[in-house]
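Single-structure report; data block below.
Here is how names work: the chains are called A, B, and so on, in the same order as the sequence lines, proteins then strands, and each is numbered from 1. Keep in mind that this is a model prediction, so the values were computed, not measured.
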There are 2 protein chains.
Amino acid sequence: MARATVQDVAKTAGVSVGTVSRVLNGSPAVSASSREKVAGAIRELNYRPLASARDLRRDRTMRILALAKNLESPVISEAFRGVGDAAARSGYVSLIAPTAGSPDREQQLVDMLRNGSVDGLVLFSPTMPDDDVEALATQLSVVQLCEVAESEAAFGVSIDDRQAARDITRHLIGTGARRLAMIGNRAARSGRLREQGFREALSEAGLEAAQSLFAAGDFDFHAGRRLTRELLAADNLPDAVFCGSDTVAAGCVREITDAGLRVPEDVAVAGFDDSIQAEMCVPELTTIRQPAYEMGRVAFGALLERMTEPGVHRRGRMFLPHELVIRDSTKN
Amino acid sequence: MARATVQDVAKTAGVSVGTVSRVLNGSPAVSASSREKVAGAIRELNYRPLASARDLRRDRTMRILALAKNLESPVISEAFRGVGDAAARSGYVSLIAPTAGSPDREQQLVDMLRNGSVDGLVLFSPTMPDDDVEALATQLSVVQLCEVAESEAAFGVSIDDRQAARDITRHLIGTGARRLAMIGNRAARSGRLREQGFREALSEAGLEAAQSLFAAGDFDFHAGRRLTRELLAADNLPDAVFCGSDTVAAGCVREITDAGLRVPEDVAVAGFDDSIQAEMCVPELTTIRQPAYEMGRVAFGALLERMTEPGVHRRGRMFLPHELVIRDSTKN
DNA sequence: GGGGCGTTTGGAATCGATTCCAAAAGCTTG
DNA sequence: CAAGCTTTTGGAATCGATTCCAAACGCCCC
């Protein structure tokens, strides 16, 4: 039994295709009796309108796509919950696809916006150059989340990474730290901003970075351990380490502890994101809370505006407030 | 400037729409000169074939959808990498959508298969009743992953959860444990199988479960802590705890340690999944490794077969081999 | 130069749902 | 009961890409 079409339903119900379509779309211009006959036929044939035919005619899909490098990051999955909930409330389905850091895969997925497979795109952490993001965003419905390109043409939602890094570094200095090191991620736009904030806080206090290390590949637990080993092997042991993520900070803490040193007495460690990792770590991590869920909601709001109001074109960058969360990894 | 169509390209290139389409689809029956003219026009107009029109005509989308309750689980994201890579190799785009445990959301997403928005579906952890899974799978292209319904009509890929739980419980008993407790998740099919395996290993050894606790809501770090507190408050302190996931085990270890007891000397703890949490925990967790990536690949393979070979209909359940990984949380 | 072959091309029909227009049906009121 | 509404209906046109069929073209060889 092949798929039933609107024609089949019309025949079974004894009405025209127009009437069937009107029932499907809740048009008021249908008599109760027709509505009933059509509903019966739909049930009998187990009919569902074909998405591609409908999308073609309507010129929209009511679907959006969120692109992320991977799904493991707690901030990403939380932000996506925000996108998804907001989307659902507006009748959109939101889908996610990981690029796995492959430009080809990314291109293929961005093409889904270009070819109308989806109506809008949320970019989480593209490997795409800023120029490409800009070019895409000027023509189509795109919003950036967390990682925002330096561009006047595109729009993005994030926290003020620079300020947040400055805040947490100031806190470290406030607890008495003088030889501060950082473990960062220059591959990410946010990582570069956090580095800036770190350096600004230092020079404010008349200090210089003891060491700055940057991950080459992944920015994960193992990278945190590896880089911390380097840190400890060097001459001047830092008395505080600012890490670009909680997961990396957890690796850092682990390596320090394994080396027989105490956190925070010998070395204080700060994380970033306030993910569950921050609480799983012993001692629990001082970190920066990102309002990820809210960021997702706001991002979808902007995307919806872009999709439905062709005139409006929001630009630039919107900051949501972050929060310094102080826990045992830095108490003095 | 509205979207360019195949007609526009044809006009600009000075050929017919048929020729444009043939170029688009790499038909050999096109002269080099036409091919070139069309390629030029496509570039000039920045043309992309509209997905809905193409899908309508071709009656397939080359897209699949993976449904999961959430994205945070490392096993899920790893399994999805496997699905995604295998799909890409066959020219499919694979998308993910979290249901957030909402049956409505789940229904909406499953409808994407019913209405032809995607060609196939990978079900990770549906809240859907077994009967519904079965009904869906008999008509459409569906494959289950990790959580597999008790049904002869549907097909699913997973490890042998019962056997794996038995293996790790035997190991606990082998290290001398006699008062074994478990923290499980009866809300998941896999959780129920793991409970079975746990009990089988116990009765094999002539033992009885000291305590068995089950999470009410989420099965996460906090649930692990909460349930372990209950465990410790009871009279007969267990000398080993089998946890249904690494994350829960991490919560368990944390609570035991905070109570001033030692892991594994006072209480041994075992996890499940061999996620990164198992390595982040101190001491590192003994656990069961699931070949998640491979499971994803295999699942897509089965789905592809189902989508492209209408005659074949694989049924039942396929087990991939698990592995007992022994670490410090249970050494004796 | 023309017959016959294979290559290339144009154009119409098609996929399935929506929507617009005109016509039919139903209702009210003088 | 007819004129004048409104409500409801049928059916054709439409969205954009693909594909099939027949026609046009090019080429070779006799």
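When each of A:Thr19 and B:Ala51 is assigned the nucleotide of DNA chain D bearing its nearest heavy atom, the one mapping closer to the 5' terminus is A:Thr19. Of the residues near DNA chain C, A:Ser21 and B:Gly18, the one whose nearest nucleotide (by heavy atom distance) lies more toward the 5' end is B:Gly18.
Across all strands, B:Leu50 comes closer than 4.0 Å only to sugar-phosphate atoms, never to a base (heavy-atom distances). Among the heavy atoms of the strands lying under 4.0 Å from B:Arg58 are primed sugar atoms or P, OP1, OP2 only; no base atom is included. Backbone-only engagement by A:Asn25 is indicated by non-hydrogen atom pairs under 4.0 Å involving sugar-phosphate atoms exclusively. Among the heavy atoms of the strands lying under 4.0 Å from A:Ser34 are primed sugar atoms or P, OP1, OP2 only; no base atom is included. Heavy atoms of B:Val20 sit nowhere under 4.0 angstrom from any nucleic acid atom.
Side-chain contact of A:Thr61 with A:Asp119: a donor-acceptor pair under 3.5 Å is present, judged by distance alone. With no hydrogens or angles considered, a side-chain donor-acceptor pair links B:Ser117 and B:Asn115 at under 3.5 Å.
Listed candidates were D:dA17, C:dT9, D:dG10. Nearest to the side chain of B:Val30 is C:dT9. The side chain of A:Ser16 has D:dG11 as its nearest neighbour among D:dT18, C:dA17, D:dG11. For A:Val17, the listed nucleotide lying nearest its side chain is D:dA12; candidates were D:dA17, D:dC15, D:dA12. The side chain of A:Ala53 lies closest to C:dA17, out of C:dA17, D:dT8, C:dG11. With distances taken from any side-chain atom of B:Ser31 to the nucleotides C:dT8, C:dA17, C:dC15, the minimum falls on C:dT8. Checked against D:dG10, C:dC15, C:dG10, the side chain of B:Arg57 finds its nearest nucleotide in C:dC15. Checking D:dT18, D:dG10, D:dC20 against the side-chain heavy atoms of B:Arg22 singles out D:dC20 as nearest.
Atom CG of B:Leu56 is separated from atom C1' of D:dT14 by 12 Å (rounded to the nearest Å). Put simply, CZ on B:Arg60 is 14 Å from C1' on D:dT19, counting in whole angstrom units. Residue A:Gln7 contributes atom CD, which lies 12 Å from atom P of C:dT18 at whole-angstrom precision. Atom-to-atom, NZ of B:Lys11 to P of D:dA17 comes out at 13 Å; the value is rounded to the nearest Å. For the pair A:Asp59 CG and D:dA17 C1', the computed distance is 14 Å after rounding to whole Å. What separates CG of B:Asp55 from C1' of D:dC15 is a distance of 14 Å, to the nearest Å. When the P atom of C:dA17 is taken as reference, atom CG of A:Asp8 falls 9 Å away, rounded to whole Å. To the nearest angstrom, C1' of D:dC15 lies 16 Å from CZ of B:Arg54.
Heavy-atom neighbours of A:Gln107 CD from other residues, nucleotides or ligands within 6.0 Å: above the threshold of 12.
Side chains of B:Leu121 and B:Leu136 form a contact here, defined as non-hydrogen atoms less than 4.5 Å apart.
Taking a cutoff of 4.0 Å between a charged side-chain nitrogen and a carboxylate oxygen, B:Asp59 and A:Arg3 do not qualify as a salt bridge.
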Before giving the answer on side-chain contact (heavy atoms from CB on, under 4.5 Å), spell out for B:Thr5 and B:Val17 the whole-Å C-alpha distance, their side-chain angles and the decisive distance to 0.1 Å.
CA-CA 10 Å; B:Thr5 74; B:Val17 293; over 6 Å; no
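A sub-4.0 Å separation between OP1 or OP2 of D:dA17 and a side-chain N or O of B:Tyr47 is present.
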